[in-house]
Amino acid sequence: MVKICCIGAGYVGGPTMAVIALKCPSVEVAVVDISIPRINAWNSDQLPIYEPGLDDVVKQCRGKNLFFSTDVEKHVSEADIVFVSVNTPTKTRGLGAGKAADLTYWESAARMIADVSKSDKIVVEKSTVPVKTAEAIEKILTHNSKGINFQILSNPEFLAEGTAIQDLFKPDRVLIGGRETPEGLKAVKALKDVYAHWVPDERILTTNLWSAELSKLAANAFLAQRISSVNAMSALCEATGADVTQVSFAVGTDSRIGPKFLNASVGFGGSCFQKDILNLVYICECNGLPEVAEYWKQVIKINDYQKTRFVNRVVASMFNTVANKKVAILGFAFKKDTGDTRETPAIDVCKGLLGDKARLSIYDPQVTEDQIQRDLTMNKFDWDHPLHLQPMSPTTVKQVNVVWDAYEATKDAHAVCILTEWDEFKTLDFQKIYDNMQKPAFVFDGRNIINADKLREIGFIVYSIGKPLDAWLKDMPAGQKSNSTGGTPNTSRRPRGRPPGSKNKSKPPIIVTRDSPNALRAHVLEVSPGNDIVDNLAVYACRRSRGVCVLSGTGTIKNVTLRQPVAAPGGSVVTLHGQFKILFLSGTVLPPPVRRHVAILRKVRIQE
Ligand SMILES: NC(=O)c1ccc[n+]([C@@H]2O[C@H](COP(=O)([O-])OP(=O)(O)OC[C@H]3O[C@@H](n4cnc5c(N)ncnc54)[C@H](O)[C@@H]3O)[C@@H](O)[C@H]2O)c1
């Protein structure tokens, strides 16, 4: 019986090995990891990752030919084929920091394989690694081999989280790279035989080692580039009145381009795209190709720009400040059908809004409070280290409240930001949400999943990425960079001086609302039908611990109770029934600890 061992029981190692075990009953598969909680979870009913269809596959073969264990050395020494699927984070220190791949975990796995092996082995790179990594790994293994023969193969994984099981069942292709020597070709054939249990022969591609390694980086760079291309178009669509959905449909029907991966959004995320492109950029620089490096860097710059642009749009639309306003965040995972939050755009958007002092109420069906707090306090790239090496007890962000229901998150909120395209968000009762929100009520759809027209009919002010703007949003210039957003900083500098040929333009009005606690701020409040105006204002003042000075009001009211000042001679209460139009409304409402009767709504002039 062929024995396979996979080092690393993560998003790739776990599902990939479970599918190999399912499809190859004659192969014994052990998945090993240094993380005890992770292995315990794989052996329980609560798997450590959420992936549609995964539970079913694991249940069918766990304990038969699929095993999860922390006994790394035992299973490695017994295996014929060792997959290495460990983290390959971006380096945070030293040479190549912020770009190059950190191969610490890979190297320590390779040294351990060399130490414990007693028989020949095929070692398979499953992790995404820089091109030429196999050469380095080969050196480590052969220098410590004690006469054992190791063959290194590159077999990069192309699954996408959220559809991993489908992708593994029916891959577009399986790529195997190996040495073009008799031993290398034999090793390639041995691995090909494993996949041949369920993947058609024409879908198993074999190449040399370096082509396989580079193909994975190239594939991710191309995918991310499509997203950045359509996101760049989305900014132009907003500026011109074009609709990005119509543009991408028209572009995607060209058979040379194709329709996939052309949805505009708040930006791409996930553990791979940014990391792999940075890695590619570094490799280009090291190979003396600065122009090529610069080209790929732009894909990440546009992604950062898109997140910053989204935050700016939210802040600018809400009178240029979100200080102390409740903003509901629907969705935190980097895409639907996964609980994975690695490099999710939600992190930068939330940090940006928190930088402007918003209060956030976050709901995601698959992400825990602990994870969200961790993500919002962790340093860049720290997430890509095994759990036990990450900061143990992150400080929590106080302005963040994580809830388990979209209606709870949106209650009393000023705005809703949709950051993950979960299907359940499409069927929310937006009328109910609107009724329970502060007015004007805003929806910022970062995934273009809601029916904007319907929401506008309800009364929302809606922003959908790359779509024609509401009149309200057009009047709120959001193109400028906001220094207060904590999102990924935009490093590009504007050239000095006026562009050639430009004239003096009329300047947009400057909105002077700063968050000094004592500054006056203008608010438009809408009191819903059936509500008492004074009560509403009192609740509003109380929640914000602020005095409210009412300057004017419009609309119609019913059942008016006019209280004459108590001290006035003959002071009394006059109650008027019927429908009245407000001509003039002024007054002051003070928050606690001032006693309620001191809060006075002074003047209402009404007309029958
Ligand atoms: N997540 C994806 O969608 C995806 C897709 C394709 C490729 N990849 C690549 O696959 C690799 C793994 O990604 P992932 O998402 O599964 O990461 P992950 O963090 O989910 O899993 C990696 C696991 O390796 C374990 N590990 C680290 N060092 C170890 C060691 N010396 N011995 C035993 N276990 C060790 C960690 O504890 C962790 O559980 C990365 O290189 C990634 O770029 C990821």
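Atoms within a ligand are numbered from 1 in the order they appear, just like the ligands themselves. Worth knowing before you read on, the calculation uses all heavy atoms, side chains too, and leaves out hydrogens, waters and symmetry mates. Small disclaimer: the values here were computed from a predicted structure and weren't measured.
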Out of [options], who gets a non-hydrogen atom closest to [atom]?
| atom | options | value |
| --- | --- | --- |
| atom 40 (C) of ligand 1 | Val129, Val76, Thr88 | Thr88 |
| atom 25 (C) of ligand 1 | Val72, Thr70, Asp33, Val32 | Asp33 |
| atom 7 (C) of ligand 1 | Ile34, Val84, Thr128, Asp340 | Thr128 |

May I ask you to decide if [Y]'s main-chain N or O and [X]'s side chain share a donor-acceptor pair within less than 3.5 Å?
| X | Y | result |
| --- | --- | --- |
| Thr420 | Lys336 | no |
| Asp80 | Val2 | no |
| Asp33 | Ala9 | yes |

Which of the atoms in ligand 1, numbered in the order shown and given with their element, are less than 4.0 Å from a heavy-atom of [X]?
| X | answer |
| --- | --- |
| Asn87 | 19 (O), 22 (C), 23 (C), 24 (O), 25 (C), 26 (N), 27 (C), 36 (C), 38 (C) |
| Ile7 | 32 (N), 33 (C), 34 (N) |
| Gly10 | 16 (O), 18 (P), 20 (O), 21 (O) |
| Lys216 | 6 (C) |
| Glu161 | 1 (N), 2 (C), 3 (O) |
| Ser108 | 31 (N) |
| Val86 | 11 (C), 12 (C), 24 (O), 26 (N), 27 (C), 28 (N), 29 (C), 35 (C), 40 (C), 41 (O) |

Judging by distance only, is a nitrogen or oxygen of Tyr11 under 3.5 angstrom from one on ligand 1? yes
Only residue of Thr128, Thr90, Thr88 satisfying side chain to side chain donor-acceptor pair (under 3.5 Å) with Lys275 is Thr88
Tell me whether Lys275 reaches ligand 1 (any heavy atom closer than 4.0 angstrom to a ligand atom). yes
Side chains of Ser85 and Glu157: is there a donor and an acceptor less than 3.5 Å apart? no
Indicate whether any N or O donor in one side chain lies under 3.5 Å from an N or O acceptor in the other, for Ser234 and Arg309. yes
Among Leu205, Asp201, Val174, which residue satisfies the side chain to side chain contact (heavy atoms under 4.5 Å, CB included) criterion with Lys192? Asp201
Under 4.0 Å, heavy atoms only, figure out whether ligand 1 is touched by the backbone of Cys272, its side chain, both or neither. side chain
What part of Arg342, side chain, backbone, both or neither, has a heavy atom within less than 4.0 angstrom of ligand 1? side chain
Does the pair Lys186/Glu183 count as a salt bridge with the N-to-O cut at 4.0 Å? no
Look at the aromatic rings of Phe68 and Trp42 and report parallel, tilted or perpendicular, splitting at 30° and 60°. parallel
